[in-house]
Structures are given as structure tokens and as C-alpha cells.
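Take a look at the structure below.
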Amino acid sequence: MTKKILHSFFLLILLCSNSVFAQSLGLELRERYSGAAGVPPNVLTPKTDADNASTPYLAVAFQLNDTVQFFLGFKSTDSSTTIPANSGATASFNIENTLSNVTILGVFDENYNPSNCANNLNVANNTVNATLVGALSNTSSRCVVVVEAKANSLTSPLGVNSIATLNSNGVATANNPTSLGVTTIVSKPPTSICSSNNLFGVARRGNILLQMDLTTQPATFNPFDSIPTQDSVNGLAVGKSGIFYGVAQYEVTPGVSGHAVYSYNPANRQTNKYSFADSSIPAGTDGDFLSGAIRSDGIYFMAITGAANPDGTVTLPVYAFNTNTNTYIGRVANLIVNLPAGSDPARSARNGDITFDAAGNLYYTTEYTPSSIPVVTPTNKGMLYQFPAPIPMVAATPTPTLNLGKIITTVDGVTPPNGAAFLSDGTLVINSAPSNTGLNKETIVNVHTGAILSQPDFDFGARGLFDLASCHLNGTLSVKTSFATRANPSDDFKVTLNPPTGGGQVYEAQTNASVSEAGTADAISVPGGIYTLTQTRIDNGTNSYSTVYQCIDTLNNNTQVASGSGTSLTYQFPNPSANHAVKCTFVNNSIPSATPFQDSGSSVEGVPRTVINNIRSNDFVDGAVATENNSTFTLGKDGSTVQALTKGISVDNKTGAVNTSAATPAGTYQLTYQLCLQANSTVCNTALITVVVVPPGSANADPSPDTGKVPAGTAGTPVKDVRANDLINGQPATPSNSTIFIGTDSDTKAAIAQGIVINSKTGEVSTTAQTPSGIYTLEYTLCDAADQTVCNITSVNIEVTDTGTSKIAPAMDMGTAVSGVASTPVANVRENDTINNQPATLNNSIIKIESDSSTQSAINQGITLDPATGSVNTTANTAAGVYSMTYALCDISNPAVCQKTTVTIKVSGANNATPVPSLSKYGLLFLAIALGGICYLQIRRRHE
């Protein structure tokens, strides 16, 4: 009894002591860019609050030579009592030696007014010491020591630790006697944000911007700045100007602080905040902004969390912001996402990112969760979805609903995807959130086939990397057919877009009685890929038409990239392919006909020049090139034409040359002209001339590197025009506004000696049949044609592959199936094939299905060979029999090098199974006894 009373007595004392004497002292550490010493951290001056040492990645990135300020704060962590004055508590703050010139700027209270709450202030070997002498009355009380230091050494990409330690001198402490800050000192941002293959990410913790490099092994990254805001910036995007945009994921104070779009200019490190309110944004996590991307027209699209629908689909609400005017637009679309079969919509499309290609098609990456996975188990499945253009850019009531999307591919083994961006080589990168190992996984996807090319891991130090961004809008190509004049409504044409090997599907479109113009969908381009575009007649009419064509790059001032007459053309896409949206049109005219095509050119204010040599050069009369001998033209009398003429722009009636004068001010001008047959002035058509004049002093030549590959042993054109990705005064380079000078360096001379030539007029790079295999580099100088002191140099890299080195070894395959049942008798014909002594895969080989009679017979019976997966499939309608299919296995790096083999499929009848004798249970018993007797006799013999 005495022990029980004693225990109760001590328990009572403990409870009383806690209620009467409770006090708790804590320490906090914050850091920001330099500012006035008495100004607190706020949304415009970034801060880190590392009160919890288990999350040390809350950090701000400082650039080399920045001045860094630290806020070292004593604080009370108990609201009921006071930390008395002269408690004797001290703090030591050890600043990493990547910072120098450590200085104590002063001591301040919680309102950042000067205070004497701390003394014994000193700095020794980058360690700051302070003693708390003032009282702290409640949890809002602070005694803040402000310290300044110079960032004089670059740190590792994950930063370095600066540790503040509290010696409480007997005062009770909270759970953070040590406060840890991670200081990341980085170099300046890249000078060319939109250069080849640049890829960027934003880390949620501290909004640190990272430049990523997937070409290294292992993949690497380098932080270069942070977006200064307390908001978690999501939906990272970057426009052609190199300015980044992002959206606050959620309201810091729900229902009060509002939403905001942020812009960040790396050139001057300026950040702007554009607040907006929208009642259509749901409250809570359903209203979190999780993705964003900038389309080619400068519209920044943002999407929030997907919402499950009763039919098993998910609605993705999309909002828009105009970066050209920095104004909020509103909710512009509801995208309906069709999930893979068996998915749980309530646990799918809860995270993700969006991106665009050059034609404005939207790509959405997100997670999906099969219903079979328990609720407590995290999903590890992602998918890539495509919505065709156009995505609306105007807020309307009701909000338009778009449901024409499709799944491109699914990805297993990843945590929820939350970032997506195109690279200049046409591949798409999907970033996944950190797994339980702390690593982020980058999935590289071939958008033509949906194939997963690689999945490198990134170690971001457990930072939650939210989103990816690049300036690369993946290049696209489309073709359409149209009637300028239609002799008979029943006359019809079909256009076909044939991609290069491995470049995706064939696209077709055709006219009909009610449609006089028909075009294909946008094909995602293959860098340097050669496409064949054809038009064929599909009616039985006898009316004659002249057919001419023009291809323009709609993403680059509608610059003409091809024109001619006829019903077929071959077009080689630029390499790199990003930021080109090429649209080709076959125009059909009843004879006689005049078909002019649009023209464009550029100049510099104060410099007279010929911006277009001859507007007739891409015009046609009855299918022949227009000349002054077979055609006439007259300028329009519309307002824009008249204005251009008054500004000093002229068009020579005889030569067709378009000129600017020294007095033509900067601006964009448009003129119309009418082309007519000289023999019949009633046969005419109208076209547009666009002239861009840039301000004085802004003349520049901006060539970009080119790459190409051809096999040895045959003459080739690895690059059709090196100008295709070059700029003059911000406009696409053409033979009219630019001049090419071939380099005289040793590498260029060596390449020329081996038969590799750059045509200075056309920009074409060619090889001969005698050019040996190898990698060659040539230099050329691009100059402004009007001022040949404005020049820049770039390079062309040409790989000539040795066809003899490719070792293709396909093996024969066999499989069986049963008639009446759809099946896969061969899972993958590549399984026993090799390419250059390595197992054949989708990444190193191409399967071409032959057209021999045996193969065609198998196809007619419903037997298919999938070139992507290598699977051989039958249908329920495949008749019994033995079938043979032939396919060629080709080296993906040398598509012309192939070897053929066969696949034999035996399809048996549904009811011709061979009967197998069986025994009754008594027969089995007798057999067992007999076998037992035989065994007994054998054992006796062994022992005799």
C-alpha cells in the first residue's frame, strides 16, 4: 500500500510540475536572397523553414556571388508560459565554407524591429554564436539574429548543410534542438534556354529549377535558380522566349490567398506573380493544379486533378492563361480520359502533366489504378494519352467537352507520373515521383509506336520533382487535298502520307461530294525522316486537272519549305525536328488555271534589301511554273497592301522581286496580289506576301547544328537543307535572306575530300557512293544576305554507316493454334533473332512483313505479325491448315540491311484432337500391383 501511495504522490508532483513550470525553447533557421536586415522573409523573398531536421531538402538555390541572408531564431514552443530573461540559452550556427564574409547584421524581435534580446554575438571560423537574454512570452515571440554571407563556391547539385545547434542551458526544448538548412549555390542559368535537347524540371521543395541531361550515363542534373515564392509551383512550362511559367499548386490559405500564375525570366532573375480567382476551381485537393504546358501560340494551359465519372471515365478540367498579355482566361475545356480496362476511376488521373507538339495536339501523362489493386496499395502504373488539336483557348459556358483522345502507351513499374516534355529528337520524357527508394524514374517513350526506349533513374536527393518542361514542341507533318475549281461534284481525290521506316502509321484522307478539301491528321515527325506524300484519284471521272503543291512551316512564319507540280512529293523533315509544323497541300485546278502560293521574307529597319527574289517562283500556270511570259500579276488595293506600299515596300512588276527601302520602319506587313494567265486574264487567283522588318541593331544570324545519317555504298542526302532550322533576324533562313559560306577548317576539308558536300545555294548535304563509313563534321557560316558582317558559324554532323558491319541473324519460328479460337501462337518472333550479336529488340531492329504469296495467303486467313511486338496472332475465323509468313529483320541503324526468315503456323481443326487411351480406377490398381511386383523381383535379384 505504501508503494502505491508513493507512486501516486510522484505522479501527482510530475503532473503539477508540468502544468505550473512548462516551458519549451526551440530554434529555427531560414534563408533568403539578401534584403534589408529588418525585413522579414515573405512571398517575394524566398525562405526555408527547416524546423524539422528530417526534411532538410527545404532549400533555396543561390547563384554564385549572391549574398545570402540567414535568420537564426530563438522561439518559444509553448503557448502557456514564458521563457524568462537571461535564461542562458545559446545557439551556434555553423555555416558551410562555401560561403565567406560571414557578418552579423543585427538582432530583431518577431516584428523585425531592432532588439537587445541576444548578446555575446561573434563569428569565428564561419561559426556564429549568440546568447538569448530576452524573454519569449509565447509561440509567436522570436529573437532573430540576422547573418549575411557571400556565396563564393559552387556546391553539389543537392547543396550543403548549414547547421544551427541549440544549447538550452537547462531550459526544456522541443523536438528540434538542431535546425538544419540546405544551401544550394549554383552557376548562372543557361544562356540559351531553348537550345537543342534542353530539358528542365522544378523541385517542389524550394521551387528549385533544374537543367537535366539524359545523354549522360548516369543521367545528371544541375540546379540553376529557384522561383521565389512560398507557393509550391507546379505545371512548369517554358516558352520560345525562354521565360518559365508555373502555377501555384494550391492556395496557401484555402479560400483566402487565391491562385496565381508565376513567370520567371532567367536572364534577369525576375519573377512576376499574376493572381486570379475562379469559382469553377473545386475546393481542397480536387482543385490542385498539377500540370501545365505552353502551346505554340503562347497560351499556357493548366489542368487540375481529374474527376471520376459514373461511366468509368475521368474528366480533366483545363484552364488557360495568355502569356502574350499575361492575363488569365479561365476554364476552357473538359477533357474526357478513357482509362485502360479494369481501372478504378476514383484512384486514377489524380496526378500528371501535359505537353504539346508543334501542331497543338495535347499529351497527358497520368497514373491509373486497376480495381484489383487493394486501396492501401500504391499504384505503379502510368499511361500516356493524346488529345487531337485544337484545344479551345476561350472560356465558354458551358465548358466544351472533348472526348476524342486515345491511349498511346501504358507504363508499369513507376510511381505516379507527374512530368512530361518532348526532346528535340522527337522522344517524350515522362517523370515519375520519387519511389520508396527516393529515386525518380524518367521514362523515354517513342510516341510513334508507344515503345518504352529506356528508363533511367535520377537521384534528386528525395526532392519531389513535380514537372518537366522544354521549348521543344515535337515536329508534325500533315497533307491535304483541295479543289481550287471542281469540274464535277463527283470528282474526288485521296491523299496519303507514308512515313519513313519505323516512323509510325500511314495517314489518309479523301474528298467526297460534300467535302471539297480533306486533310490527314498530324503525323509526329521523325528527325531527318523522309516522307512520301501522294495524291490519287478515286473517281471514274474524265475531267482534267492541273495539280500543284506547296508545303509551309506554320510554326515559322508560314515559310515555304517545298513546292512543285504533280501528285507526289518526297519531303525530308529537319533534324532536329522540334518546333516545325509542316503542312502540305495539293491544289487541283480545272484547266486552264492560275495557282499562286504565299511568300514571306524579312529585312532590317534602315537596310534596303530584296526580301523575295520573285513571287512567281512558287506559282503555277496550268501546272507549269509561272513566268512573265505566261502570267501577269497585279497588287491588291486592300488596306494592308496600301499601307505596306506607303512604308517603302515595293514589288517589281517585271521580275516579281519584293524590296524594302531604308525608310521602311520595323513591323510586319502583308500585301495581296492576283496572278492571272497571260493568255486569258479572266483566269486568276490571289495569294499573300508577308514581310517582317526587325528593329535596327537587332540583325542576327542564328544557325542551328544539323545531323544526318546515310548508309555507305550509295549516294545519299543526309540533310536536305541546313537552313531548315536556322534563323535570320528571328525569321526562318531562306536562300533569299541568307548566304552560306562553307568552312575551311581541317574537318570540313577532310569531309569534302571524302565526297561530302554542302550546296551553298540550296543548303543540301550530299554524299557519294564512294564515301567511306565514318562520322564527319563540316562547318558552315550563315550570314544575313543584306549585311554579310552579320554571321555565325555552326556544324553539320554526318554519320555514314558501314552496311557490311551489320550482322542480322533472324531464326525461323513455329507455332500452333486451334481453329475457332483467337490465339497468339508466337509471342515474339524476335526472341531467337540477333542484331550484331545482341538479342533483337524493338530498339535495335525493324520488322518488315514481306508481300509474297504465302504471306499474303496467311494474312487473308486472319494471321497477323505485329512489327512492334513481334507477336503472331490468329483469329477465331482462321481456317485449319499450315501457313507460312516471311518477314525481314533489319538493323534500325541501317534500315537497308536486312535478312529474311519465315514463321510457320499450324492451325489444327477444332475437333481433331488425338484420342489418348485411359484406364479405369481398377485398371490403375492392377497396374500399380503389377509394377510393385516387378520392383520386388528386381530388388531380390540385386541381393542374391
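Note that the structure is a prediction, hence the values are computed from the model and not measured.
A donor atom on one side chain and an acceptor atom on the other are found under 3.5 Å apart for S24 and T77. T443 and Q455 are linked by a side-chain donor-acceptor pair at a separation below 3.5 angstrom, with hydrogens and angles left out of the test. Using modelled atom types, one finds no donor on one side chain facing an acceptor on the other under 3.5 Å when comparing N97 with N126. Side-chain atoms of Y245 and N326 include a donor-acceptor pair closer than 3.5 Å. In this structure, a donor-acceptor pair under 3.5 Å is present between the side chains of Y364 and T366.
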Does the side-chain hydrogen bond (donor to acceptor under 3.5 Å, both in side chains) test come out yes or no for N324 and N322, once each step is laid out? CA-CA 5 Å; N324 304 300; N322 190 336; 3.0 Å; yes

Would you sort out whether F422 and T355 count as a side chain to side chain contact (heavy atoms under 4.5 Å, CB included), showing the intermediate values? CA-CA 8 Å; F422 277 108; T355 190; 4.0 Å; yes

Side chain to side chain contact (heavy atoms under 4.5 Å, CB included) assessment of N120 paired with N129: CA-CA 7 Å; N120 295 330; N129 297 293; over 6 Å; no

Go through V186 and N222 one step at a time and tell me if the side chain to side chain contact (heavy atoms under 4.5 Å, CB included) criterion holds. CA-CA 8 Å; V186 300; N222 289 296; over 6 Å; no

Set out, in order, the CA-CA distance, both residues' side-chain angles and the distance that settles side chain to side chain contact (heavy atoms under 4.5 Å, CB included) for F221 and D213, then state yes or no. CA-CA 6 Å; F221 71 97; D213 188 351; over 6 Å; no

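In this structure, V107 and L121 approach most closely via the heavy-atom pair CG2-CD1, 3.4 Å. The shortest non-hydrogen separation linking T794 to S704 is OG1-C, 3.4 Å. The two residues P223 and I208 have their closest heavy-atom pair at CB-CG2, 3.6 Å. Nearest heavy-atom pair across T369 and R347 is OG1-O, 2.8 Å. Closest approach of A149 and V102 over heavy atoms only: CB-CG2, 4.0 Å. Summarising the geometry of T323 relative to G298, their closest heavy-atom pair is OG1-O, 2.5 Å, with the distance given to 0.1 Å.
Ring planes of F70 and F93: perpendicular class, angle over 60° (limits at 30 and 60°). In this structure, Y319 and Y328 have parallel ring planes: the angle between them is below the 30° cut-off, well short of the 60° mark. Ring geometry, Y112 versus F71: the interplanar angle exceeds 60°, so the pair is classed perpendicular (tilted spans 30 to 60°). Ring geometry for F224 against Y264 counts as tilted: the plane angle lies between 30° and 60°, on a 0 to 90° scale.
In this structure, the separation between CG on N152 and CG on N101 is 7.5 Å, given to the nearest 0.5 Å. For the atom pair NE2 (H259) and CD1 (I304), the distance works out to 8.5 Å, reported to the nearest 0.5 Å. Residue L453 holds its CG atom at 7.0 Å from OG1 of T427, rounded to the nearest 0.5 Å. Atom OG1 of T90 sits about 11.0 Å away from atom CG of N119, to the nearest 0.5 Å. From L423, atom CG reaches atom CG of L214 across 6.0 Å, with rounding to the nearest 0.5 Å. With values rounded to the nearest 0.5 angstrom, K150 atom NZ is found 13.0 Å from F62 atom CZ.
Put simply, the side chain of Q211 does not reach to within 4.5 Å of the side chain of P189, judged on heavy atoms. Residues L99 and V68 meet the side-chain proximity criterion, which asks for heavy atoms closer than 4.5 Å. You'll find the side chain of I299 stays beyond 4.5 Å of the side chain of I294, heavy atoms only. At a threshold of 4.5 Å between non-hydrogen side-chain atoms, the residues N272 and Y262 do not count as touching. By the 4.5 Å heavy-atom criterion applied to side chains, R269 and D225 are counted as neighbours. Residues L166 and L25 are in side-chain contact: their nearest non-hydrogen atoms beyond the backbone lie under 4.5 Å apart. With contacts defined as side-chain heavy-atom distances shorter than 4.5 Å, the pair V238/L236 does not qualify. Contact annotation: the side chain of L384 approaches that of Y363 to within less than 4.5 Å [non-hydrogen atoms, C-beta and beyond].
Applying the disulfide bond (SG atoms under 2.5 Å apart) test to every pair with at least one member in residues 68-137, sequence neighbours left out, gives these pairs: C117-C143. Within the structure, salt bridge (charged side-chain N to carboxylate O under 4.0 Å, His left out) contacts touching residues 121-143 (residues at least two apart or in different chains) are E28-R142.
Ring centers of F321 and F276: at least 6.0 Å apart, outside the cut-off.
With hydrogens and angles disregarded, no donor-acceptor distance shorter than 3.5 Å links the side chain of N125 to the backbone of T127. Remark: the backbone N or O of A420 is paired with a side-chain donor or acceptor of D353 at under 3.5 angstrom. Judged by distance alone, the side chain of T155 and the main-chain N or O of I185 form a donor-acceptor pair under 3.5 Å. N431 contributes no side-chain N or O that, together with a main-chain N or O of G419, makes up a donor-acceptor pair within less than 3.5 Å. A donor-acceptor distance shorter than 3.5 angstrom exists from the side chain of N265 to the backbone of A267, with no hydrogens or angles considered. The closest donor-acceptor contact from the side chain of E367 to the backbone of N351 lies under 3.5 Å. Using a distance-only test at 3.5 Å, with no hydrogens or angles considered, a donor-acceptor pair links the side chain of H472 to the main chain of N198. With hydrogens and angles ignored, the 3.5 Å screen pairs a side-chain donor or acceptor of N579 with a backbone N or O of L473.
Put simply, the residue from L428, V429, I430, V202 that forms a side-chain contact (heavy atoms from CB on, under 4.5 Å) with L468 is V429.
Counted within 6.0 Å of CG on N116, heavy atoms from surrounding residues, nucleotides or ligands total 12 or fewer; the atom is thus considered open. Heavy-atom neighbours of D412 CG from other residues, nucleotides or ligands within 6.0 Å: above the threshold of 12.
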Under 3.5 Å, sequence neighbours excluded: what are the donor-acceptor pairs made by side chains of residues 284-291?
| residue | atom | partner | partner atom | Å |
| --- | --- | --- | --- | --- |
| D286 | OD1 | R350 | NH2 | 2.9 |
| D288 | OD2 | Q249 | NE2 | 3.4 |

